[in-house]
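Since the structure comes first, as structure tokens, the remarks are kept for the end.
What's counted below: heavy atoms across the whole structure, side chains too, no hydrogens, waters or symmetry copies.
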Amino acid sequence: HDPIAQESAFEVIFLDVGHGAATLLLGPDGSTTIYDLGSAGRSGITGSILEPYLRRRGIRDVDRVILSHGDSDHHSGMEELAQRYGPSRWITTERVHRTIPDFNRWSELSGGRTVVSAPGDQFSFGGGWVGRVLLPEREHDRGGESDNDLSLVLRVSGPEGSILLTGDLEESGLAILRAAGTEPTTVVQLPHHGEGIDGLKEWLDACRPRWAISSARSDNALGRMKTG
């Protein structure tokens, strides 16, 4: 949860789903966006974790869903999400659109529309906060990169800070991201749960985040890694 963002009525909330991912982006314009919603060790997270949180906040609608890539620990809660909340926009990569038929089914189930993203795509959260897709490039997909390294990377920037959501990028994807340019970032969601990625420490040193977030197993090696 980013205290900087609250000052301009933008919030990012990282829900505790164990080893998985579930990030809420609440915009000043009243929009609710979910970036990934899945867990490797917990079932029914939409009903047991997401819904109680939204109910406490008085949030009844989910406007956008963004799926970074096709691993189930990032999307196991999405069918129930489609049934309960009916999001109108389902945003993902060309790889997911092509290889995960369930994603298009969830979009249809919710009465929504599937959007295949491309670098440079932007959408507004209001209050000067804008989300911009950084990766993946289409040519990387054709080049045989792994599903993880083709994660949809989203940077959200606003008046008081920025958030970088990286999916499950590993060494190859992180190298592509670094080559595209590393900007200082307030909050970073660690790629691939912070696990076993060469060059991660150096990348974090370049990003200089105030917070680095990982939703991972308790035995994750992240706790033994120190940044400069």
Side-chain angles (χ1 to χ4, degrees), residues 12 14 19-23 25 33-38 64-75 90-100 103 114-123 129-158 161-216 220-222 225 227-228:
V12 54
F14 298 92
H19 187 87
T23 304
L25 303 169
T33 299
I34 295 180
Y35 177 96
D36 288 346
L37 180 63
R64 301 184 191 96
V65 178
I66 301 172
L67 176 57
S68 65
H69 68 298
D71 285 358
S72 63
D73 61 337
H74 290 249
H75 67 62
W90 291 73
I91 302 167
T92 194
T93 66
E94 175 64 32
R95 173 73 65 90
V96 169
H97 180 65
R98 192 175 69 246
T99 63
I100 309 293
F103 186 82
T114 298
V115 178
V116 177
S117 68
D121 287 354
Q122 296 189 27
F123 41 87
W129 289 86
V130 177
R132 178 165 55 94
V133 176
L134 303 183
L135 293 176
E137 297 279 2
R138 298 286 172 85
E139 60 264 28
H140 298 149
D141 189 358
R142 293 193 293 271
E145 297 288 350
S146 70
D147 285 351
N148 284 353
D149 284 322
L150 288 171
S151 291
L152 190 158
V153 177
L154 180 71
R155 181 180 178 86
V156 183
S157 303
S162 57
I163 301 103
L164 187 63
L165 302 174
T166 59
D168 262 0
L169 290 183
E170 297 184 80
E171 286 88 350
S172 178
L174 188 60
I176 293 169
L177 183 60
R178 291 183 69 181
T182 301
E183 300 178 59
T185 304
T186 313
V187 181
V188 167
Q189 174 240 331
L190 290 171
H192 202 231
H193 316 278
E195 293 185 335
I197 302 176
D198 291 339
L200 178 59
K201 180 182 181 299
E202 292 77 11
W203 178 70
L204 285 172
D205 288 342
C207 288
R208 303 194 302 276
R210 291 182 63 183
W211 292 278
I213 307 297
S214 175
S215 183
N220 183 282
L222 177 64
M225 183 182 71
T227 59

Check your understanding: Does Val116 have any side-chain contact (heavy atoms from CB on, under 4.5 Å) partners at least two apart in sequence or in another chain, and if so, which?
Key -> Glu94, His97, Arg138

Review point. Taking only residues two or more places apart in sequence or in another chain, which ones pass salt bridge (Lys or Arg N to Asp or Glu O under 4.0 Å) with Glu183?
Key: Arg132, Arg155

Check your understanding: Who passes side chain to side chain donor-acceptor pair (under 3.5 Å) against Thr93, sequence neighbours left out?
Key -> none

Check your understanding: Any side-chain heavy atom of Phe123 within less than 4.5 Å of one from Ile66?
Key -> yes

Review point. Any side-chain heavy atom of Ile213 within less than 4.5 Å of one from Val187?
Key: yes

Review point. Backbone N or O of Val133 within a donor-acceptor pair of the Asp121 side chain at under 3.5 Å?
Key: no

**Study point:** Side-chain donor or acceptor of Thr186 paired with backbone N/O of Ser162 under 3.5 Å
**Key:** yes

Practice item. List for me each residue that meets side chain to side chain donor-acceptor pair (under 3.5 Å) alongside Thr182, sequence neighbours excluded, and say none if there are none. Key: none

Check your understanding: Is there a donor-acceptor pair closer than 3.5 Å between any side-chain N or O of Tyr35 and the backbone N or O of Gly167?
Key -> yes

**Study point:** Atom pair CG (Asp71) and CD1 (Ile100), whose distance is rounded to the nearest 0.5 Å
**Key:** 8.5 Å

**Study point:** Closest approach of Arg178 to Gly199 (non-hydrogen atoms, all atoms of both residues)
**Key:** NH1-O, 3.8 Å

Review point. Have Gln189 and Thr23 got a donor and an acceptor in their side chains that come within less than 3.5 Å?
Key: no

Check your understanding: Can you find a pair of side-chain heavy atoms, one from Thr166 and one from Ser151, that are under 4.5 Å apart?
Key -> no

Practice item. Decide yes or no for Val96 and Trp90: does some side-chain heavy atom of the first lie under 4.5 Å from some side-chain heavy atom of the second? Key: no

**Study point:** Partner residues of Ala175 under the side-chain contact (heavy atoms from CB on, under 4.5 Å) criterion, sequence neighbours left out
**Key:** none

Study note, to complete from the structure: For Gly20 and His193 the tightest heavy-atom approach is O-CE1, 3.2 Å

Practice item. Output all residues satisfying side-chain contact (heavy atoms from CB on, under 4.5 Å) with Arg208, sequence neighbours left out; order by chain, then residue number. Key: Pro184

Check your understanding: Residues two or more places apart in sequence or in another chain: which of them pass side chain to side chain donor-acceptor pair (under 3.5 Å) with Thr33?
Key -> Arg64

**Study point:** Test item: Asp149 side-chain N/O and Gly173 main-chain N/O as donor-acceptor pair under 3.5 Å
**Key:** yes

Point to revise | Under the salt bridge (Lys or Arg N to Asp or Glu O under 4.0 Å) test, residues paired with Asp147 that sit two or more places apart | key: Arg95

Point to revise | Gap separating the CD1 atom of Ile163 from the CH2 atom of Trp129, nearest 0.5 angstrom | key: 4.5 Å

Check your understanding: Is any side-chain heavy atom of Trp203 less than 4.5 Å from a side-chain heavy atom of Ile197?
Key -> no

Practice item. List the steps and the verdict of side-chain contact (heavy atoms from CB on, under 4.5 Å) for Val65 and Leu37. Key: CA-CA 9 Å; Val65 178; Leu37 180 63; over 6 Å; no

Check your understanding: Do Leu165 and Ser68 come within less than 4.5 Å of each other through their side chains, counting heavy atoms only?
Key -> no

Study note, to complete from the structure: The complete set of salt bridge (charged side-chain N to carboxylate O under 4.0 Å, His left out) pairs with one or both residues in residues 166-177, sequence neighbours excluded, reads none

Exercise for review: Kindly write out the residues that satisfy side-chain contact (heavy atoms from CB on, under 4.5 Å) with Ser72, not counting sequence neighbours, or none if the list is empty.
Suggested key: His75

Revision key, fill the gap. Rounded to the nearest 0.5 Å, the CG atom of Leu190 sits from the CG atom of Leu164 at a distance of 10.0 Å

Point to revise | Under 3.5 Å: donor-acceptor pair, side chain of Thr92, backbone of Leu67 | key: yes

Review point. Can you check side-chain contact (heavy atoms from CB on, under 4.5 Å) on His192 and Leu200, steps first, answer last?
Key: CA-CA 10 Å; His192 202 231; Leu200 178 59; over 6 Å; no

Check your understanding: Any side-chain heavy-atom pair from Ser172 and Glu145 closer than 4.5 angstrom?
Key -> yes

Review point. Hey, what do you get for CG (Leu135) to CG (Leu174), rounding to the nearest 0.5 Å?
Key: 10.0 Å

Point to revise | side-chain contact (heavy atoms from CB on, under 4.5 Å) evaluation trace for Val156 with Val12 | key: CA-CA 10 Å; Val156 183; Val12 54; over 6 Å; no

